[in-house]
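Following: one structure in structure tokens, then a few remarks.
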Amino acid sequence: VRPNTTPTPGRPGGALGPCPDGPPNLLGSLYVEFRTNRTLQDVRNLVGPFLQQGGRYRPSSCVARQKVAVIIPFRNRYEHLTHWLHYVHPVLMRQQLDYGVYVINQDGDGAFNRAKLMNIGFVEALIEYDYDCFVFSDVDLVPIDDRNLYRCSDHPRHLSVAVDKFNFILPYATIFGGVSALSKQQFLKVNGFSNTFWGWGGEDDDMSQRISYRRMFISRPDSVTGRYKMIQHERDSHNDPNPRRVQKLTETYFNIIKDGLSTLSYTVREIRKDLLYTLVTVDWFWFS
Ligand code: UDH
């Protein structure tokens, strides 16, 4: 009878070696469309066999280079989430990441707070596992090139550099919205996102400023690798543009230490494990 773990030459006990720096099975440019009606069950049938409950995956043939929590700020966008899961799970698998998908769902119909949800995702993911990298992704952004690695690097990384909605051009040099990646250390260094951007806009620019005030740079893939398709949608209710968003950006420097992870307060209403993702439903008092 052969042992079920064939020892790897030179590795006592057959311990797995690290995954290669360049994942070997990437496809490059991908075909992505959102016309097909997909159900979560379709996606479970497609990628479920490779996942563990909660949208967790790790490669079986090597030890992943990074442990990545993918955090999605969310409310009432299940159609988008289904497309996202359909396309992005296979990409993350081919990238040989040890990853988990966390959908942070804002309960109720108060003003949406994307940045606060992402802070909560950071904290809740770390309660579950020793993640070292955090990718924050809008639910409507799907990469169309799998060479765009959902990993962290020496500096905070902006991944969604060339979005079809913006004609595949970076709208402005300091942009940090859409999809971004920060290591645990980088996120702690900037005290996470601000918790005080209510409604649409500004929170990503505030993070961009936090990064530069903490003497870090924004790194990016090139504009071919960093291409994305955005799912078209109307503006959501309870997410009107924040009229104070421009004014608040003049206050970032003074607010970094007094507004962020250090002042985060919220209540977890429910944690539900789907095969494809972990859904964390949260709310908070209006003043917090
Ligand atoms: N979101 C929800 N539900 C809502 C509102 C927002 O899930 O009701 C989440 C979702 O992940 C979404 C993200 O928040 O993808 C961002 O909200 P949005 O899709 O309304 O933002 P928008 O598409 O962003 O308008 C376009 C990029 C703007 C560039 C930023 C420049 N600073």
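In each ligand, atom 1 is the first atom listed, and ligand 1 is the first ligand listed.
For ligand 1, none of its N or O atoms has an N or O atom of R114 under 3.5 Å away. In terms of N/O distances under 3.5 Å, ligand 1 is not approached by S237. At a 3.5 angstrom cut-off on N or O pairs, R75 counts as close to ligand 1. The shortest N/O to N/O separation between K165 and ligand 1 does not fall below 3.5 Å. Checking only distances, V139 does come within under 3.5 Å of ligand 1, N or O to N or O.
Neither the backbone nor the side chain of H238 comes within 4.0 Å of ligand 1, counting heavy atoms alone. Under 4.0 angstrom from ligand 1, there are no non-hydrogen atoms of L141.
The one candidate from D236, D240, N239 that meets the side chain to side chain contact (heavy atoms under 4.5 Å, CB included) condition with W200 is N239. The one candidate from D206, D205, D259 that meets the side-chain hydrogen bond (donor to acceptor under 3.5 Å, both in side chains) condition with T252 is D206.
Side-chain atoms of Y277 and H89 form no donor-acceptor pair, as typed in the model, at a separation below 3.5 Å. Using a 3.5 Å distance cut-off with no hydrogens or angles, the side chains of N119 and Y266 do not pair a donor with an acceptor.
At least one heavy atom of Y172 sits less than 4.0 Å from an atom of ligand 1.
Less than 4.0 angstrom separates some heavy atom of D138 from each of these atoms of ligand 1: 11 (O), 13 (C), 15 (O), 16 (C).
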With ring pair (Phe, Tyr, Trp, His ring centres under 6.0 Å) as the criterion, how do F187 and Y131 come out once you've worked through the C-alpha distance, each side chain's angles and the decisive distance to 0.1 Å? CA-CA 12 Å; F187 201 69; Y131 291 105; over 10 Å; no

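Of all protein heavy atoms, the one closest to atom 17 (O) of ligand 1 is R77 NH2, 4.0 Å.
In this pair, F193 and F136 present their aromatic rings perpendicular. The plane angle is above 60°, beyond the 30 to 60° band.
Of the listed residues (N113, D236, T174), the one carrying the non-hydrogen atom nearest atom 8 (O) of ligand 1 is D236.
Cation-pi contact between R227 and F168: present, with separation from the ring centre below 6.0 Å and deviation from the ring axis of at most 45°.
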